[in-house]
Amino acid sequence: MLLLRRIVQERRSHCGFSSISPLHVVFMLCCLIFVNSCIKHSFVLQALGLILWIVCWADLFYSFWERSQNIFRAPFFLISPTVLGITMLLATFLIQHERMKGVQSSGVMMIFWLISLLCATVIFRSKIMLALNTDTEVDAFRYVTFCTYFILLLVQLILSCFPEKPPLFSEAVNDPKPCPEFSASFLSRITFWWITGLMIQGYRRPLEAKDLWSLNKEDTSEEVVPGLSRNWAKEWAKNKRQPLNILYSSKKQQKSSDSNGEVTEEAEALIIKPSQRNSEASLSKVLYKTFGPYFLMSFLFKAAHDLLMFAGPEILKLLINFVNNKNAPDWQGYFYTGLLFVCACLQTLILHQYFHICFVTGMRLKTAIVGVIYRKALVITNSARKTSTVGEIVNLMSVDAQRFMDLATYINMIWSAPLQVILALYLLWQNLGPSVLAGVAVMILLVPVNAVMAVKTKTYQVAQMKSKDNRIKLMNEILNGIKVLKLYAWELAFREKVLEIRQKELKVLKKSAYLAAVGTFTWVCAPFLVALSTFAVYVKIDKNNVLDAQKAFVSLALFNILRFPLNILPMVISSIVEASVSLKRLRVFLSHEELDPDSIIRGPITNGSIVVKNATFSWSKTDPPSLNSINFTVPEGSLIAVVGQVGCGKSSLLSALLGEMDKKEGYVVVKGSVAYVPQQAWIQNATLEDNIIFGREMNESRYKRVIEACALLPDLEILPMGDRTEIGEKGVNLSGGQKQRVSLARAVYCNADTYLFDDPLSAVDAHVGKHIFEKVIGPKGILKNKTRVLVTHAVNYLPQMDTILVMTDGEISEMGSYQELLKQDGAFAEFLRTYANAEQSRESSGNPSGKEGKPVENGVLVNEAPGKLMHRQLSNSSTYSRETGKSQHQSSTAELQKPLAEKNSWKLTEADSAKTGRVRSPAPWRGQLSGFFVSFLCSAFFFSMKYNTQSRSSFPGIAVFGYSMAVSIGGIFASQHLHLDLLHNVLRSPMSFFERTPSGNLVNRFSKEIDTIDSAIPPIIKMFMGSTFNVIGACIIILLATPIAAVIIPPLGLVYLLVQRFYVATSRQLKRLESVSRSPVYSHFNETLLGVSVIRAFEEQKRFIKQNDVKVDENQKAYYPSIVANRWLAIRLEFVGNCIVLFAALFAVIARNKLSPGLVGLSVSYSLQITAYLNWLVRMTSDLETNIVAVERVKEYAEMEKEAEWSIEESAPASTWPEEGKIQFQGFGLRYREDLDLVLKNINITINGGEKNTASGLGRKLVSLIPAEQLLRGPVDPILFSGSLRMNLDPFDQHSDEDIWRSLELAHLKNFVSSLPDKLNHECSEGGENLSVGQRQLVCLARALLRKSKILVLDEATAAVDLETDNLIQSTIKSQFEECTVLTIAHRLNTIMDYTRVLVLDRGEVVECDSPDNLLQAKGLFYSMAKDSGLA
């Protein structure tokens, strides 16, 4: 191109001319566009490229022809067409290459055609000017070829603006909602025009999830996660031989009242320094290797942007010289103005491509981190699970992953900020000379201050994350055990424990706020001090140094550029510190020990189905063995029973066979596939059918056989939609027996080779248990040809076993058939003689209908969201009738009837929903924002002083310090109130709320949303206000300098506001959809962790990983459009800022005779900053609008249905109430909701203090009848909290150690606790998972014994304990609760035959109520049940 220009300039006399009409050009263009629409786009481009090559080489051959005619021209006429022709040929090949790759719009080619056309335009202008000169000779051939060349370039440029259709050979896209980005043109992509359709749709109506596009393939979990997993596996394998210094068991003791609970592993790991630094796997290296190549492109964009930033001051220098030089032609001023505008627009386009890459990298980073955390959680050992609780892992997935996302947008400032500072200082040196060194000295002095603040910030960050982990962990346990909390009326006490942790968290936040304010003060003062010292030294060192307009305003423009990197550094440092803390936490988690997949061999064996030789197992490498010298062989197809006392290692043996324990020594082989039924059934939040099929193909005949064999047919008749009924989280709408049968059906349906049953019959009625044993497990059941290992306490089934293993203290003490063990006459034979007769009573006990306790209740519960209200108010709970029930249930019923009319009635859980419309500012934030108003006004004044006049006073820095403190501390107060309200509202919600609300929704609120309010919103408000004042101040300066700008600035401001409003409607809704779609990720993760042993046993890890990936992708589907929409807005609003630059310079050029150079410099230097200010203001506005959604979501639960107040002073009973434990019902009726039938009808009964009563057919409805403050309960699902054993027994330090040991002795746990190394301070893991289910039931019983209340309700409190322990506990209850009212729900009728009265209900009405002897003599319903049990 340059050669052609030189030819034109040097050889004008040889050029010729022949006119081509503009109509010809228009006609040709129209024809080509028509042709392009008719045939393949790329074919047209290639054809035009070939024509261009021919045209260029036509000039070359013409030059050869001239030489043959002895016309010798300059070498340029040979070189230029040769180079151009080769270039066009290469361009044609590149078009074909990109077509083969499936590129639909090439940015490279468009830029090439644009540059080619711009170069050709200069030559074209010269040719026109020469042609107009009639004295010059016209080279007609070259003129025609050049015009043809120019027109073809123009056509190529126009065609390259349109996207190509996908090639025929491309893969078929089956996606119904593909993202239009890939098929958009290059122009559309660089301006983000392709999202405009979604923006319009979002402005017209609130967006819904169905409106969102699918993710681009390269952004999906399927593409992103494997890369990080693979690279981390390589890095970890290198360092596996030298493991990290990780503590898996706490050595520190803490007070039981300490709500922080444990010394968490992450907290330890952040303090302990590994002895060998080089032995650690480097997660940062892995992240760089995975995401570095794509992210490196952002380096190029950022460097180009930074260089363009300095074009502004240089053009400003030329503009001031132009104004100074009155003889300079006007075109120079217009040229500089246009150049300034073009540079600003290029800067905008490049900057937002940079930001887009950063945000996409951050999104991929979060996707990958969540994916690897989920995958790691499926394989970590049980010892690692003790330290990394659900709450901590959720924080890793939400808070820590977010830290990496934030860092991606700031990380380039590490090199960009110093580069900007160096370039600014270099240009200042050119302008002011060595006096710049004074400013450099000021910056160097600030470095140590910055270093100290960075260290302190990191310390505070570690402490804050530790408190956050503890809080989320406790909240997770509260949500999991909410039923226990409500039954014991512990809400207020646990609320205080949460608030105690929260106070520690807020204390650290306040310290961080003070530090941030000091940092803000320092860095805001820095540019001012640098400028002041530089100008002062410049003027003082030499009398000849005069600060004229050019030097002053060009320097100020450079100082303004210098201000941004200096101001952004505190945020960059803070982001890097936070990310480094998160990096270490994540590295520690990913470095946890994994289960050894080779410890248990799953393969073919010839001499049996299970072979165990000299095997010793423990729960972790550091723990003593739990199972010692285990030796046994299970023949294929045999039935094996494992029996023994509570805590002897029965469940541990099954866990060992599943590979859940650490194998110290020995050899274990299990043949074929395995199915596992845990002691506590794990149920998914899915339909009943999905829970049973569990990812396998549907086989109708097998499915029906399994349903019938597992005694689920009667339940399907009750459920509203049969097996299509949705089951709530943890099976909340099923009874314990139903859950266990569903769990059993899942195992039976999978048709495995080996079955491991962990006491599945303890949760069902005796006759149901007999049915299951005969139809499923027993010698004639559908599993008769399978290998079955059954842990059981039911001795009546033992005669049918092939082999019985007797466990004692982790060892197999006896082994043999039933008859062999009797002949041995050992301890087990003695046990059989003592308890076999008692156990016979289990065979047929329970209600005759074959349903556990509450069939009607189950049907009611499932039919839409259930609700059991714990009415603490005495008058309500004792006189509950149709009328009072109506008033108390009115709000919830109205709410729940809406989905009933619109959706299937079996829908139980309510998905997290997105609100629409504007975000209403919640009361706490309204109060804080109004409180800030005065400080903001003051700040506005001082900002104008700081930014607009560079005042030498210290007021600007002080004002900024004060305003920073006001916003930060005000934000903390607001956050404190919002968290308090959220916690209060959630704890006061009825059980129906928890049954229909997935726990992930609540965990999302307490983790991510609260973290956003804590850490994100206050800094955004600070920067939003600062940017606002900067823009206003700059506009005022421009108006004062060039009043004519008043004509254009208000309209541009109006455009700015209109575009902003247009954008906010979509952006806000996208943020809501993103928040809503985040909750299922947490719910699924929580559900997975609870059932991880089942998932591993069934080898379903891949399916669950796929489900997690789908949920994460659904979340990112809403996030990706939101970041693109942000870029869409920024480009358009920055264009408004660029227009202000254009008009400020243009008006200065127009009025140059009236304006002084100083005013021109002042106006243009501040207009140059408008774009940067607007860019930051756009980011902060959108961030504020979208992040304030977190406040909206936290406040959402304030409007939900609530229980009665925890205490009502007017009607509160005396502190000694109840004095005798008397319970009286008069005309009592109970329904679960207003729109449902009564489940208890016309109950009239008086239970005197000290009576022992049992309920038949009453089930768990009775629990809702008694004020929870005064009852004790041994629940079917024994819930323990992480912490010491003492804390679980006496959470609030109300009893002495002597009392606690006494209660343990009565619960027959004293020997076990005494044998523990830490005794009462023994650490219970989350949910008490390091204790057996039987031991957990006994701990719950000891907790009840310790309280000594007047009323005791036992709901299958000993279902999971052996007969001997059960017998001892029954005698304890009779002796210790002699003066108490005891209500028992039991499957074993023999244990309640000495009770005072038996209450028999049928269809919700009392049919019999008398002593057991009298009822037996009456020969009614109770007599028939006793007769079936062999008791009559």
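This structure is a prediction, so every number in the text was calculated from the model and none was measured.
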How far apart are the C-alpha atoms of Leu423 and Met309, what are their side-chain angles, what is the distance that settles it, and do they pass the side chain to side chain contact (heavy atoms under 4.5 Å, CB included) test? CA-CA 10 Å; Leu423 286 173; Met309 279 177 64; over 6 Å; no

Roughly how far, to the nearest 0.5 Å, is [atom2] of [Y] from [atom1] of [X]?
X	Y	atom1	atom2	result
Leu509	Ser975	CG	OG	7.0 Å
Gln464	Ser1015	CD	OG	4.5 Å
Tyr426	Leu558	OH	CG	12.0 Å
Leu427	Ile422	CG	CD1	12.0 Å
His305	Ile350	NE2	CD1	8.5 Å
Asp1011	Ile1017	CG	CD1	10.5 Å

Kindly give the heavy-atom pair with the smallest separation between [X] and [Y], and that separation in Å.
X	Y	value
Val436	Trp429	CG2-N, 3.6 Å
Val1047	Pro1050	C-CD, 4.5 Å
Gln420	Phe310	O-CZ, 3.3 Å
Val442	Ser533	CG2-OG, 3.7 Å
Ser968	Ala513	CB-CB, 3.5 Å
Glu505	Asp1014	OE2-OD2, 3.6 Å

Hey, mind stepping through Val581 and Arg585 against side chain to side chain contact (heavy atoms under 4.5 Å, CB included) and telling me if it holds? CA-CA 6 Å; Val581 172; Arg585 285 161 51 84; 4.0 Å; yes

I'd like to know if the side chain of [X] and the backbone of [Y] have a donor-acceptor N/O pair within less than 3.5 Å.
X	Y	answer
Thr337	Gly333	yes
Ser582	Ala579	no
Ser1027	Met1023	yes
Lys551	Asn431	yes

Quick one: does [X]'s side chain get under 4.5 Å of [Y]'s, heavy atoms only?
X	Y	value
Ser555	Tyr538	no
Val1059	Val1136	no
Phe295	Ile411	yes
Phe341	Val1141	no
Gln353	Arg1127	no
Phe973	Leu506	no

For Ser298, side-chain hydrogen bond (donor to acceptor under 3.5 Å, both in side chains) partners two or more places apart: Asn412

Go through the side-chain N and O atoms of Asp406 and Gln402 and say whether any donor and acceptor fall under 3.5 Å apart. yes

Side chains of Thr457 and Gln461: any donor to acceptor distance under 3.5 Å? no

Identify whether the distance between the nearest side-chain nitrogen and carboxylate oxygen of Lys468 and Asp400 falls below 4.0 Å. no

Under 6.0 Å from the CZ atom of Phe1135, do we count more than 12 heavy atoms belonging to anything else shown?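 Atom CZ in Phe1135 is not crowded, with 12 or fewer foreign heavy atoms closer than 6.0 Å.
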
Neighbour count above 12 (heavy atom, 6.0 Å) for Phe335 CZ: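 No.
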
Residues forming a ring pair (Phe, Tyr, Trp, His ring centres under 6.0 Å) with Phe1147, sequence neighbours excluded: Phe1143

Residues at least two apart in sequence or cross-chain that pass ring pair (Phe, Tyr, Trp, His ring centres under 6.0 Å) with Trp415, listed by chain then number, are Phe299

Side chain to side chain contact (heavy atoms under 4.5 Å, CB included) evaluation trace for Leu583 with Leu287: CA-CA 10 Å; Leu583 188 76; Leu287 292 174; 3.8 Å; yes

Between Leu1129 and Val1064, does a side chain to side chain contact (heavy atoms under 4.5 Å, CB included) hold up when you go through it step by step? CA-CA 9 Å; Leu1129 174 72; Val1064 161; over 6 Å; no

